[in-house]
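Predicted model only: the values in this text are computed from it and were never measured. In what follows, every heavy atom counts, from backbone to side chain, and hydrogens, waters and symmetry copies are set aside.
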Amino acid sequence: MSYDVAFRHQQALDPSALVSVATCLHALTAAIEDCRNAGKDAEADPAVLLLAQHLGSVASVGRPPAIQLRRGCMDQIAEIRRNPALLVLAHKGVSYDANAKALFHQDGRKALKRLAEALLLADGSFDVRSNKAGPAVSGEITLHGEEVYVQLSLGGMGADREVMFRRCRGRSDYTGERNHWASIRELLAPDRFAARLRRELNLTAPVAEPTRLFA
């Protein structure tokens, strides 16, 4: 039994309703899915190829030349690097947005590992763990060493208090001493933040250079 349908061919023969990049792309991805369901090769399907050509035409009409678009992409990359995703997520929040929450936990873990490196914590002397919790909250990412406990979360304590840190007595100590607070911006400057942690928590100076976590 064939699961093929004629709609994509009809759309490819008369694409007059497909006037934006978004509508063209939707039609093209639907056509590819139809081919998959029918067991046909999308790379050779005439409807798929016509819809792809139409997408190219719509994307070209009235648009800037390729060199200008490439420059725009490079400008956007530079802007993203100047404004890390964690800052954007801290501003907009991640509640009920599964993709944003996944990115928050991914980048949050990286940021805490960089902090561990800035603190010169020896490999194996600390844990970095995530608790994603429910869909309405960000959850938290925690760096837990022998003397330092740092936790990153969004929304719970308000702006510029996304990072909680305190001194602890080993990795089985989950209460520790008095809580301190910092902005997520401080976490993104790990060397400077590490200096603050050493000063305010009176951390023991490392006795040897640890294994580097990042090249």
Side-chain angles (χ1 to χ4, degrees), residues 21-22 25 64 67-168 171 176 179-201 203 206 209-215:
V21 171
L25 185 58
I67 189 170
Q68 188 174 337
L69 294 174
R70 290 177 62 83
R71 188 178 300 116
C73 285
M74 290 186 285
D75 290 344
Q76 288 297 313
I77 291 171
E79 178 67 18
I80 291 167
R81 287 175 176 168
R82 285 194 298 270
N83 297 282
L86 281 175
L87 285 180
V88 177
L89 295 173
H91 176 72
K92 69 182 285 289
V94 301
S95 298
Y96 298 106
D97 185 336
N99 291 331
K101 186 169 180 174
L103 180 59
F104 167 68
H105 280 263
Q106 173 185 298
D107 283 13
R109 289 178 64 88
K110 291 178 181 177
L112 287 176
K113 287 179 180 178
R114 291 190 181 99
L115 177 61
E117 182 179 349
L119 286 167
L120 301 178
L121 301 184
D123 191 21
S125 71
F126 65 92
D127 302 307
V128 175
R129 55 182 179 267
S130 288
N131 173 24
K132 294 189 176 180
V137 295
S138 70
E140 61 272 341
I141 308 103
T142 304
L143 165 64
H144 197 170
E146 296 298 331
E147 292 186 326
V148 64
Y149 186 98
V150 183
Q151 190 169 88
L152 170 64
S153 62
L154 302 181
M157 300 304 298
D160 296 326
R161 289 167 67 88
E162 298 90 359
V163 183
M164 183 275 291
F165 62 96
R166 62 179 177 245
R167 187 179 174 94
C168 64
R171 280 184 279 173
N179 291 343
H180 302 249
W181 302 94
S183 164
I184 198 169
R185 289 180 175 82
E186 293 186 72
L187 178 62
L188 295 174
D191 291 330
R192 189 180 310 147
F193 189 41
R196 178 184 172 187
L197 294 181
R198 291 192 197 99
R199 181 176 64 253
E200 294 190 14
L201 302 182
L203 300 179
E209 180 72 12
T211 302
R212 303 292 286 181
L213 296 175
F214 292 86

Next item on the list: Can you see which heavy atom on Ile141 is nearest to which on Ser130, and at what distance?
Entry: CG1-OG, 3.8 Å
Item checked: Smallest separation among heavy atoms of Ser95 and Ala136, with atom names -> OG-O, 2.7 Å
Item checked: N/O donor-acceptor pair under 3.5 Å between Arg161 side chain and Trp181 backbone -> no
Notebook entry, point to check: Could you state the interatomic distance from CG (Asp97) to NZ (Lys92), rounded to the nearest 0.5 Å?
Noted result: 4.5 Å
Note to self: Donor-acceptor pair, distance only, cut-off 3.5 Å: does the side chain of Lys101 make one with the backbone of Val137?
What the structure shows: yes
Margin query: Is the shortest side-chain heavy-atom distance between Phe193 and Val163 below 4.5 Å?
Written below: yes
Item checked: Spacing of NZ belonging to Lys113 relative to CZ belonging to Arg109, to within rounding of 0.5 Å -> 5.0 Å
Notebook entry, point to check: What distance do Lys132 atom NZ and Ser138 atom OG have between them, rounded to the nearest 0.5 Å?
Noted result: 12.0 Å
Margin query: Suppose the criterion is ring-ring contact (aromatic ring centres under 6.0 Å, His included): which pairs have a residue in residues 103-125, not counting sequence neighbours?
Written below: none
Item checked: Where Ser153 and Gly139 come nearest, the two heavy atoms and their spacing -> CB-O, 3.3 Å
Check: Going from NE2 on His180 to CG on Leu201, what distance comes out if it is rounded to the nearest 0.5 angstrom?
Finding: 5.0 Å
Checklist line | Reported CG-to-CD distance for the pair Leu152 and Glu140, which is rounded to 0.5 angstrom | finding: 9.5 Å
Next item on the list: Would you list the pairs meeting side-chain hydrogen bond (donor to acceptor under 3.5 Å, both in side chains) in which at least one residue belongs to residues 185-199, sequence neighbours left out?
Entry: Glu186-Arg196, Arg196-Glu200
Next item on the list: Report the C-alpha separation of Thr142 and Asn131 in whole Å, then their side-chain angles, then the decisive distance to 0.1 Å, and conclude whether the side-chain contact (heavy atoms from CB on, under 4.5 Å) test is met.
Entry: CA-CA 8 Å; Thr142 304; Asn131 173 24; over 6 Å; no
Item checked: Nearest heavy-atom neighbours spanning Leu86 and Leu188 -> CD1-CD2, 3.9 Å
Next item on the list: Hey, could you give me the CZ/CZ distance between Phe126 and Arg171, rounded to the nearest 0.5 Å?
Entry: 9.0 Å
Next item on the list: Could you check Leu89 against Asp107 for side-chain contact (heavy atoms from CB on, under 4.5 Å), going step by step and ending with a plain yes or no?
Entry: CA-CA 10 Å; Leu89 295 173; Asp107 283 13; 6.0 Å; no
Checklist line | Any His144 side-chain heavy atom under 4.5 Å of Cys168 side chain | finding: yes
Check: Distance-only, no hydrogens or angles: does the Ser183 side chain make a donor-acceptor pair with backbone N or O of Asp160 under 3.5 Å?
Finding: no
Check: Closest heavy-atom contact between Val128 and Leu112?
Finding: CG1-CB, 4.4 Å
Margin query: Please find the pair of heavy atoms, one from Pro64 and one from Leu69, that lie closest to each other, and give the distance.
Written below: O-CD1, 3.7 Å
